[in-house]
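Take a look at the structure set out below.
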2 protein chains.
Amino acid sequence: MPPLNRTRIVAAAIDLIEREGADAVSMRRIAADLEVGVMSLYNHVPNKSALLDAVSEAILSEVEFTDDPAAHWTGRVRMQARAFRQIAHTHPRSTMVVVSRQLKSAAGMLPVERALSTLREAGFGEREAVQIFRVFIAYVIGSLLREVGVTPTFAPVHGAIRASDVDPELFPEIGALAPHLSACDHEAEFDFGLDLMIEAIAGRLAQRTR
Amino acid sequence: MPPLNRTRIVAAAIDLIEREGADAVSMRRIAADLEVGVMSLYNHVPNKSALLDAVSEAILSEVEFTDDPAAHWTGRVRMQARAFRQIAHTHPRSTMVVVSRQLKSAAGMLPVERALSTLREAGFGEREAVQIFRVFIAYVIGSLLREVGVTPTFAPVHGAIRASDVDPELFPEIGALAPHLSACDHEAEFDFGLDLMIEAIAGRLAQRTR
DNA sequence: TGTCGAGACGTACAGCGTACGTACGGGAGG
DNA sequence: CCTCCCGTACGTACGCTGTACGTCTCGACA
């Protein structure tokens, strides 16, 4: 057994979250998984909150933000957004943890830097680039929240809406659209909105240079 | 002192969240605020999770979803999104609670019904309406999360990014745009993205009926 | 060999959600 | 009127949480 260190603790935490959900995370539980006393963890991590920050940072830093500066900016934006969405695939039950802690570390700032430089190179102004960046962040995070099911206990929310549950008198549209509401191809839905937004900001850019 | 009932409990919970943040909510604390034994709460609420659902529902049901069916659909969509954002103003520290529990009750379904019927009346197809609805939901929720500061302890995140904190070698864009990143007029940012997205889907509609 | 520091660990405390048992008070039935 | 019953209020208790504090062990170095 290798000696206890921060990396092993973070790995155990991520493993625990993916196996049993974020609710199951406790210092005692992690220590038990590592076959170690609870307080030994505190030699490497100041407290639970910092541990979750470290979890978030570890997951964020293994996202592949490959960027081709030669490509058209619309493609680059699309790739960056999709890369972020990878988190929902690689660490579904940790997604909520990553999204709910904004990091000031390098791991958290790198995606921001990439996105902003892409937008600036595309020709957007300073304020505009920040605004557009914020719109994308909001959309991506909102999409991830829906995808992983914001309820932390079970990862995939299935059959959230059944046609038989809704009163068609009160909610005719929900009743009529129930088949579409209950089924959700997350990747297709994400790309739909992503293309919509890229199209919109491309329109703004074209309109301005016109 | 009126007798204990579900309404008073929910009101006390909301009050507590707004005063001290969602972390401060505990059954013991609520009971103390109501000058009541802890277990008395369980005569009116099955458990803490259900109480938080009730909190979410109460807040959601007091949002003013006034809708003018005669207005242009773009305006109606804008109004509905803005109405949802009201939550961040009326109950800032409860926003995270509302957003993080999807409700199957009438209070949770009404906004969905309204939005879907608006989109259908605008001329969008069944699948398209659901897709667009999901895009807006993602954007609105993502925006609210940023606005209330996803960290639940303190409501307004101030000075999250300081220019002096970032290494301009590693993060030149963040350094250059720090003034724009640190300041944030939430209402303006929200409307910016909202208009962007409405413009985009209006474009789709025009393109199809062309 | 004596000393020292770092890391592992046990104990303890305050707080949590809530299962369970009890006590009380008012309305219904005899 | 008396009795019964049931809903409500409440106290206690259990197992869990994060973590402050003190202790112990062990390898490195003078």
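Closest contact between the side chain of B:Met39 and the listed nucleotides D:dT12, D:dT19, C:dG7 involves D:dT12. Minimum atom distance to the side chain of A:Asn47 is reached by D:dT19, of the listed D:dC10, D:dT19, C:dT18.
Looking at A:His91 and A:Glu62, their side chains do bring a donor and an acceptor atom within 3.5 Å of each other.
Checking the phosphate oxygens (OP1, OP2) of D:dG7, no side-chain nitrogen or oxygen of B:Asn43 falls inside 4.0 Å. Distances shorter than 4.0 Å separate some side-chain N or O of A:His44 from OP1 or OP2 on C:dA8.
To the nearest angstrom, C1' of D:dT8 lies 16 Å from CZ of B:Arg6. Between the CG atom of A:Leu34 and the P atom of C:dC9 there is a distance of 11 Å, rounded to whole Å. If you take CD1 of B:Ile30 and P of C:dC16, they are 10 Å apart, rounded to a whole angstrom. Look at CG on B:Leu4: it is 19 Å from P on C:dC24, rounded to the nearest Å. One interatomic measurement links the two molecules: CG of A:Leu51 to C1' of D:dT19, which rounds to 14 Å at whole-angstrom precision. Spacing between atom OH of B:Tyr42 and atom P of C:dC16 amounts to 11 Å, rounded to whole angstrom units. One interatomic measurement links the two molecules: CE of A:Met27 to P of C:dC9, which rounds to 14 Å at whole-angstrom precision. One can place NZ of B:Lys48 at 15 Å from P of C:dG15, the figure rounded to the nearest angstrom.
Relative orientation of the A:Phe65 and A:Phe84 rings is tilted, given thresholds of 30° and 60° on the angle between their planes.
If you check every strand for non-hydrogen atoms under 4.0 Å, B:Val38 touches a base.
When side chains are defined from C-beta on, A:Arg101 does not count as touching A:Glu57, because their heavy atoms never get closer than 4.5 Å. The shortest distance between side-chain heavy atoms of A:Val63 and A:Thr90 does not fall below 4.5 Å.
Annotation: of the two residues near DNA chain D, B:Ser40 and B:Arg28, the 5′-most nearest-nucleotide partner is B:Ser40.
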Derivation of the salt bridge (Lys or Arg N to Asp or Glu O under 4.0 Å) call for A:Arg85 and A:Glu187: CA-CA 9 Å; A:Arg85 202 185 79 93; A:Glu187 181 158 346; 3.5 Å; yes
